[in-house]
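Within every chain, numbering begins at 1; the chains are lettered A, B, ... in the order of the sequence lines, protein sequences first and strands thereafter.
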Number of protein chains: 2
Amino acid sequence: MGRRLSICNSIDDCDLAVLANESSRMTVADGRSFIEEGAPAHDFFVVTGGRVKLFTLLPDGRRQITGFAEGGDFLGLAASTSYAFGAEALGSATLCRFPHAGMQRLTERFPSLEHRLREEASRELALMQARMTLLGRKTARERVATFLIERCTHLDRPDSARPVELDLPMPRTDIADYLGLTIETVSRILSAFKKEKLISIRSITHITLLMPERISTIAEGME
Amino acid sequence: MGRRLSICNSIDDCDLAVLANESSRMTVADGRSFIEEGAPAHDFFVVTGGRVKLFTLLPDGRRQITGFAEGGDFLGLAASTSYAFGAEALGSATLCRFPHAGMQRLTERFPSLEHRLREEASRELALMQARMTLLGRKTARERVATFLIERCTHLDRPDSARPVELDLPMPRTDIADYLGLTIETVSRILSAFKKEKLISIRSITHITLLMPERISTIAEGME
DNA sequence: TACCAGACTTGATTCAGGTCAACGTGATGG
DNA sequence: CCATCACGTTGACCTGAATCAAGTCTGGTA
């Protein structure tokens with residue numbers, strides 16, 4: 001995960017051909033896995049189209065989704081020798097793959113890239129702090145509210161008091177595994193929000209936040 | 001948090017005086033806070049002695065401890081413009097402070113340092129993935145078991161089948177806030193482990209893992 | 001030695017969220 | 001146009017961990 005066009009920012013005034021040279025494109029079909037948790041980490045990835053989910057598994061199959069990534073997001077920083085997470089496409093996705101060796105040539109050529117990668121990692125690290133608080137200390141209601149708010153700030157509209165339309169491209173199972181809840185709980189809480197006129201549910205993937213700041217308040221645990 | 005002597009690794013063959021020049025030492029008394037969550041981030045820190053806890057707070061005071069740091073660990077990567085976490089001393093601690101500006105001079109002088117910082121961030125990121133799985137998907141028993149195992153691999157002894165002595169310098173409250181549990185639950189589970197002869201509790205801070213691999217199995221959810 | 005305060009443990013009870021099970025719903029294909 | 005199937009919702013019930021409430025243990029102090 002990372003901010004849009006993360007890599008390119010630090011080299012856009014430089015030779016993009018060099019960059020293209022060190023990378024290869026790939027397409028991943030819906031539900032297909034392209035990073036295996038624990039496998040030796042040989043590549044970085046940039047999501048160029050579609051969406052992707054990142055997760056870790058317990059031996060008995062319990063799953064924690066550690067993030068969703070989309071266009072421009074950077075993957076693979078959470079890996080030393082082996083990947084600390086698995087990744088699979090959510091819908092079909094296109095990726096740019098950068099072998100570590102190639103990336104190293106790039107950072108030698110464009111030293112500011114290294115700094116950019118560190119920034120990316122820092123941003124990610126800060127997000128994770130918040131996510132740990134969510135998982136360790138928030139109630140189910142607060143988690144779902146936080147998720148909705150995340151999805152909407154993600155849309156980089158300023159926190160308006162006006163209704164915000166969202167689409168949630170991931171199935172409920174993924175939302176649940178992201179929030180450390182069950183599908184049933186997520187479903188019940190969305191229904192409750194609807195009943196309270198905080199949101200309206202046009203279709204499974206299409207939700208409107210009717211009172212964004214109110215949901216925001218819930219998300220922060222200030223009910 | 002970071003591996004011992006993280007910074008120095010990449011410059012130990014270089015001019016350490018330059019490094020000393022860009023940093024200042026400080027001592028923090030027990031329980032004193034030295035990073036305020038949300039405050040503008042001006043410095044990096046390296047823990048040089050004692051221990052430190054990192055945490056985030058919800059408005060109503062709920063707390064999630066996101067990590068413990070000790071000698072050699074690096075703090076401050078999870079911050080862009082403002083800190084994503086607060087930090088306070090656990091017992092009295094000594095720190096080395098590196099203002100961002102100074103750090104930038106250092107990375108210019110020793111380019112490999114930038115790479116080192118990124119590695120540090122990556123390591124941290126990988127740890128956090130595991131911690132999210134713990135908080136989102138593990139049972140109380142599994143969390144406490146994981147905590148004990150963490151503390152012991154932390155001691156860099158290989159996973160032996162032999163008993164391992166641990167000391168837990170943090171109060172139960174901190175363990176609870178780290179694991180997303182309450183003090184009572186932590187206490188009960190430690191008592192249960194004792195009853196099951198998995199551990200022995202010599203004193204509040206001093207615990208011996210009698211069957212480390214057994215605890216390890218519990219930690220992974222394989223009961 | 002006795003007292004005290006803070007940290008920890010233990011027990012009884014409650015409740016948020018999980019589990020199990022039935023029921024909708026909407027997309028796909030024969 | 002209905003059957004199917006995967007996904008989502010809703011309801012009834014259960015349970016793991018939280019909460020509430022005593023104890024207990026420890027180290028410091030007089």
Side-chain angles (χ1 to χ4, degrees), chain A residues 30-31 53 58 60-65 90-91 134-148 166-196 199-207 218 221 223, chain B residues 30-31 53 58 60-65 90-91 134-148 166-196 199-207 218 221 223:
Chain A
D30 187 15
K53 57 191 170 196
L58 289 174
D60 63 0
R62 275 173 288 173
R63 184 179 67 154
Q64 176 66 45
I65 291 192
L90 179 65
L134 179 143
L135 293 171
R137 288 302 182 210
K138 286 190 181 179
T139 65
R141 228 174 119 79
E142 289 161 3
R143 293 183 200 201
V144 175
T146 306
F147 176 70
L148 293 174
L166 291 183
D167 77 338
L168 306 181
M170 64 292 283
R172 296 287 188 262
T173 313
D174 287 352
I175 301 179
D177 282 348
Y178 179 69
L179 297 177
L181 299 171
T182 58
I183 344 174
E184 291 96 328
T185 299
V186 171
S187 182
R188 271 187 255 274
I189 286 171
L190 287 175
S191 299
F193 282 171
K194 186 170 74 177
K195 198 170 301 172
E196 298 170 40
I199 65 174
S200 83
I201 305 179
R202 310 161 62 100
S203 83
I204 286 173
T205 59
H206 202 199
I207 285 185
I218 295 172
E223 196 51 43
Chain B
D30 187 14
K53 57 190 169 196
L58 289 174
D60 63 359
R62 276 173 286 173
R63 185 178 67 154
Q64 176 66 45
I65 291 191
L90 180 65
L134 178 143
L135 293 171
R137 288 301 182 212
K138 287 190 181 178
T139 66
R141 230 175 119 78
E142 289 161 3
R143 293 183 201 202
V144 174
T146 306
F147 175 71
L148 293 174
L166 292 183
D167 76 340
L168 305 182
M170 64 291 285
R172 296 287 187 262
T173 313
D174 287 351
I175 301 180
D177 282 349
Y178 179 69
L179 298 177
L181 300 171
T182 58
I183 346 172
E184 292 95 327
T185 299
V186 171
S187 182
R188 271 187 255 274
I189 287 172
L190 286 174
S191 299
F193 283 170
K194 186 170 76 177
K195 198 169 302 171
E196 297 169 39
I199 66 175
S200 81
I201 306 180
R202 310 163 61 103
S203 84
I204 285 173
T205 59
H206 203 200
I207 285 184
I218 295 172
E223 196 50 43

- Mark yes or no for whether R188(A), through its side chain, and I183(A), through its backbone, hold a donor-acceptor pair below 3.5 Å. no

- Message: Measuring from atom OG of S187(A) to atom CD1 of I175(A), what distance do you get when rounded to the nearest 0.5 angstrom?
- Response: 10.0 Å

- Please report, rounded to the nearest Å, how far the C1' atom of dG17(C) is from the CD1 atom of I183(A). 14 Å

- In whole Å, what is the span from the NZ atom of K195(B) to the C1' atom of dG11(C)? 11 Å

- Contacts of E142(A) meeting salt bridge (Lys or Arg N to Asp or Glu O under 4.0 Å) (sequence neighbours excluded), chain-then-number -> R62(B)

- Query: To the nearest angstrom, how far is D60(B) atom CG from dT19(D) atom C1'?
  - Reply: 15 Å

- Just to confirm, is there a sub-4.0 Å distance from OP1 or OP2 of dC8(C) to any side-chain nitrogen or oxygen of S187(B)? no

- Could you state the atom-to-atom distance from NE2 of H206(A) to P of dG8(D) in whole Å? 16 Å

- Intermediate values then yes/no, salt bridge (charged side-chain N to carboxylate O under 4.0 Å, His left out), R202(A) and D167(A): CA-CA 10 Å; R202(A) 310 161 62 100; D167(A) 77 338; over 6 Å; no

- Note on the structure: L181(A) CG to dG16(D) C1', in whole Å, measures 15 Å

- Query: If you round to the nearest 0.5 Å, how far is CG of L134(B) from OH of Y178(B)?
  - Reply: 7.5 Å

- Query: So, is R188(B) near the phosphate of dT9(C), with a side-chain N or O under 4.0 Å from OP1 or OP2?
  - Reply: no

- Task: Would you tell me if any nitrogen or oxygen in the side chain of T182(A) comes within less than 4.0 Å of OP1 or OP2 on dT19(C)?
- Result: no

- Message: Rounded to whole Å, please give me the gap between CZ in R141(A) and P in dC15(C).
- Response: 17 Å

- Query: CD1 of I207(B) versus P of dT9(C): gap in Å, rounded?
  - Reply: 8 Å

- Message: I'd like to know if E184(A) reaches the base of dC20(C) with its side chain, counting only an N/O donor and acceptor under 3.5 Å.
- Response: yes

- Most 5' of R143(B) and T173(A) on DNA chain D, judged by nearest nucleotide: T173(A)

- For DNA chain C, whose closest nucleotide is more 5', that of I189(A) or that of I204(A)? I189(A)

- Message: Both R137(B) and M170(B) contact DNA chain C. Which one's nearest nucleotide lies toward the 5' end?
- Response: M170(B)

- Message: Can you tell me which nucleotide in dG17(C), dT9(C), dT10(D) comes closest to the side chain of T139(A)?
- Response: dG17(C)

- Message: Please tell me if T185(B) has a side-chain N or O lying less than 4.0 Å from either OP1 or OP2 of dA18(D).
- Response: yes

- Message: On the nucleotide dG26(C), are OP1 or OP2 found under 4.0 Å from the side-chain N or O atoms that S203(A) carries?
- Response: no

- Query: Over how many whole Å does the gap from L179(A) atom CG to dG18(C) atom P extend?
  - Reply: 10 Å

